[in-house]
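The structure appears right after this line, and notes come after that.
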Amino acid sequence: MSLAYRFPASAVLIVTSICVALGSTRGASLVKGQLGSSKGTQMLQDTLFFAVGPKLPPVRDHPRLIASEDDLSALKQTVAQDPNAGKMYAAAHQFADEIISKRQNASNSAQLNPGRFLDQWGRVITLAMLYRMTENTTIGEQGVFELLGSANGRYDGEGTYGVCTRPNWGQPTYLEVAAYTYMVAVGYDWLQKVMPAGNQTAVVECLLQKSINSDNFPKYAQQDQTNRNIVTNGCFLLGALAILGDTDPATHSYVEEMIYNSSVNMNTALNMYHDGGWWEGFVYWGYATFHTLSVLLSVEVAFGSDFGMRTVPGLNTTGDFFTHMYGGSGYNYDGSVGPADYNWAAAGEDNIEYADTMVWFNKAFPSKRSAFVARQAVLHHANNGTNYTGSGGRYPAFALLFWDTQGTPADLAAMPLDRIFANESVAVMRTDWTNTRAFLGMKGGATYFSHNHRDLGSFVYDAEGQRWAHDLGLEDYGIPRPTYRTEVTGHNTVVFNGLNQAGGDNYNFCAPVRQRYQPDHPYPTCRVGYALFDNFTVGQKCTNGVVDLDWANNRSFVANWKRGAALVKATGTAIIRDEFNVTQLCRTNVTWQFHTNAHVSLRTLDGGGTVVTLAQGGKTVTVNAVVAPAGAAWVSEQVNLEAPLLPDPNLTRVSLVLPMGGTSGIHPGTSVSLVVAMGPHAETVTPGDVAVLDEWPQGPSSTLC
């Protein structure tokens, strides 16, 4: 098949200037000293099509995206032999049958409303995968219908139905044009055998007109160091790769350039994997990594080479980010307990739907450990009644596609318990890989990074299978910031004068990022709104990290603020120590706080003083102000997040309010130390047990550690 589609001269994209600009770019590392080393993070000039330029090697025939015919043959065997794979296959088939039944029984198009783009994505992918496995004509034809609608692009003349009949893919955002491009590309590639020549021509024209053309590419293809870059450029690349060789020579050259230019753009963001983490948080790790792996697997099938993508620093270990970001109240890798990821930035506590991304990671970088983690995460999601649903509405198809039955709990048990992700300035510590003990996570980072909140120094804490210190996570994107969830008052940190942390909306890579790009450039005046770890020390009895929060706030209120977080392995006790100087304008209040969904009560101790008792799920922990200024008092208050804010039922903010002014309160110039212990044994911690932060690299406690 050959299709001619003409482009104006401006469609020839100039990449020389992009390559020159990218040549001096490096990823930013938000950690001091050796943790912040950027060795090996040079821009990847020799990977992902840089080596071959716009003229690509011969491409294999369809199907060529994501999964080879050998992959599908292996999947058929897995479905026949593994009960869990068989259940997922049955769930996918049931979903396909429901789609077909609705179309056959519908009297009008209202019953066939395609819904949000992610819903139609799930239908296209499921039908196309099942067709490749079964060559069932009815399933395949329904897949084609999802792409084009009926012969005239409509059903019963009422309402647009097929993806290609939607009038404007770029509304309301670039995410729609990316998602439609992805699903049409995969549908076109996987449904070739059942798609008549006229339909093939229509789909190719659809992609060229609505997606991969000279108007859309500069408008929608992002060039920043965020998930947006990988999602948009990855989808443009897949769209072009799907139709490569299916057009006339002039259009073929343009399609080749589209593949090349998309890959050039992607290199900017791929460099952000260099420590294995993702600086926009867990959810956007899943979004970016799914599209990264889609490209890697597709070019490998299409060309027989990954063009060096597997050498992207940190990409081969980014599955560890998924594994470490689940806390002690998360799944026990046996599907038994409700999930709670460490949901800093714009993420909810239940984002295990990105488990299918982990399945794909294991396909690209196979190991028994990653296979086990991916499989158990998917099964957990299924066992909680969500029918194997995959991220982004992909349903069971993508979780099933590369199902791997290898790996045991012993493979996970060999993984280190504690980790700092230097680029993200996020540290996690745990007592073991089950949900029965304790997990502590704390972050620095930058408030002005994409999707981040004003949450520097914030922490989460799990013990006994429960989350006690809770991050409120994602807010509805339709609500303008600031909201309670996105600002400092909605996080587990110290609030000075009731005011926000600095930055937040200043997304311009000032401070350490700009200095790393231009090492000789002095820090600009906006050197606020970020925090780096001074150290992270893994010990057999305790693990701890200290983050420098001196530039988290306006320094007119507080200076020299550092926060240490330590986890005592024997007891699961979390220790948070803060040290700071109150400066001239901080006259109103200083509040140490955390949020919880547990029942909160205040209890007076026999020897004086008050501890906080938290109870939920049949478990109890205490929160003990081990060191605090005289007159500091615990206060608890309900937080009601009313519509249109996303709800968070039974939310309580627990605060240690420090006295200000007077004869015994804090005055400007005062140096303050706070030590709070949290956990089942927090009452046993004494002031002499916790060292000053300068001594923490040697251990936070000579008695506890």
So, Gln81 versus Gln77: side-chain donor-acceptor pair below 3.5 Å or not? no
Atom CD1 of Ile100 and atom CZ of Arg123: how far apart are they, to the nearest 0.5 Å? 12.0 Å
Closest heavy-atom pair and its distance - Pro366, Ser370: C-OG, 4.3 Å
Are the ring centres of Tyr131 and Trp190 closer than 6.0 Å? no
Carboxylate-amine/guanidinium contact Asp462 Arg430, below 4.0 Å: no
Would you name the heavy atoms of Tyr287 and Leu175 that are closest together and state the gap between them? OH-CD2, 3.4 Å
Could you give the distance from CG (Leu270) to CG (Asn265), rounded to the nearest 0.5 Å? 11.0 Å
To the nearest 0.5 Å, how far apart are OH in Tyr89 and CD in Gln94? 13.5 Å
Pairing residues for His62 by the ring-ring contact (aromatic ring centres under 6.0 Å, His included) criterion, not counting sequence neighbours: Tyr188
Please evaluate residues Val203 and Leu148 with respect to the criterion side chain to side chain contact (heavy atoms under 4.5 Å, CB included), reporting the C-alpha separation (whole Å), side-chain torsions for both, the decisive distance (0.1 Å), and the verdict. CA-CA 8 Å; Val203 176; Leu148 293 172; 4.0 Å; yes
What distance separates Ile212 CD1 from Met258 CE, expressed to the nearest 0.5 Å? 6.0 Å
Please report whether the ring centroid of Tyr273 lies less than 6.0 Å from that of Phe321. no
Please round to the nearest 0.5 Å and tell me the distance separating atom CG of Asp275 and atom CZ of Phe421. 7.0 Å
Can Ser68 and Asp70 be said to form a side-chain hydrogen bond (donor to acceptor under 3.5 Å, both in side chains), step by step? CA-CA 5 Å; Ser68 68; Asp70 287 344; 4.9 Å; no
Going by side chain to side chain donor-acceptor pair (under 3.5 Å), name the residues that satisfy it together with Trp285, two or more places apart in sequence or in a different chain. Thr289, Thr318
Check the pair Leu130 / Asn136 against side chain to side chain contact (heavy atoms under 4.5 Å, CB included), numbers first and verdict last. CA-CA 8 Å; Leu130 288 174; Asn136 181 304; over 6 Å; no
Mind checking whether His324 and Trp433 have ring centres under 6.0 Å apart? yes
Partners passing salt bridge (charged side-chain N to carboxylate O under 4.0 Å, His left out) against Asp320 (at least two apart in sequence or in another chain): Arg369
Short N-O contact, Arg310 and Glu300, less than 4.0 angstrom: yes
Measure up the Phe439 and Tyr342 rings against each other and bin them: parallel (under 30°), tilted (30 to 60°), perpendicular (over 60°). perpendicular
Evaluate the salt bridge (charged side-chain N to carboxylate O under 4.0 Å, His left out) criterion for residues Lys368 and Asp404: first the C-alpha distance (whole Å), next the side-chain angles of each, then the deciding distance (0.1 Å), finally the verdict. CA-CA 9 Å; Lys368 290 183 178 180; Asp404 191 334; over 6 Å; no
Centres of the Phe290 and Tyr182 rings: under 6.0 Å? yes
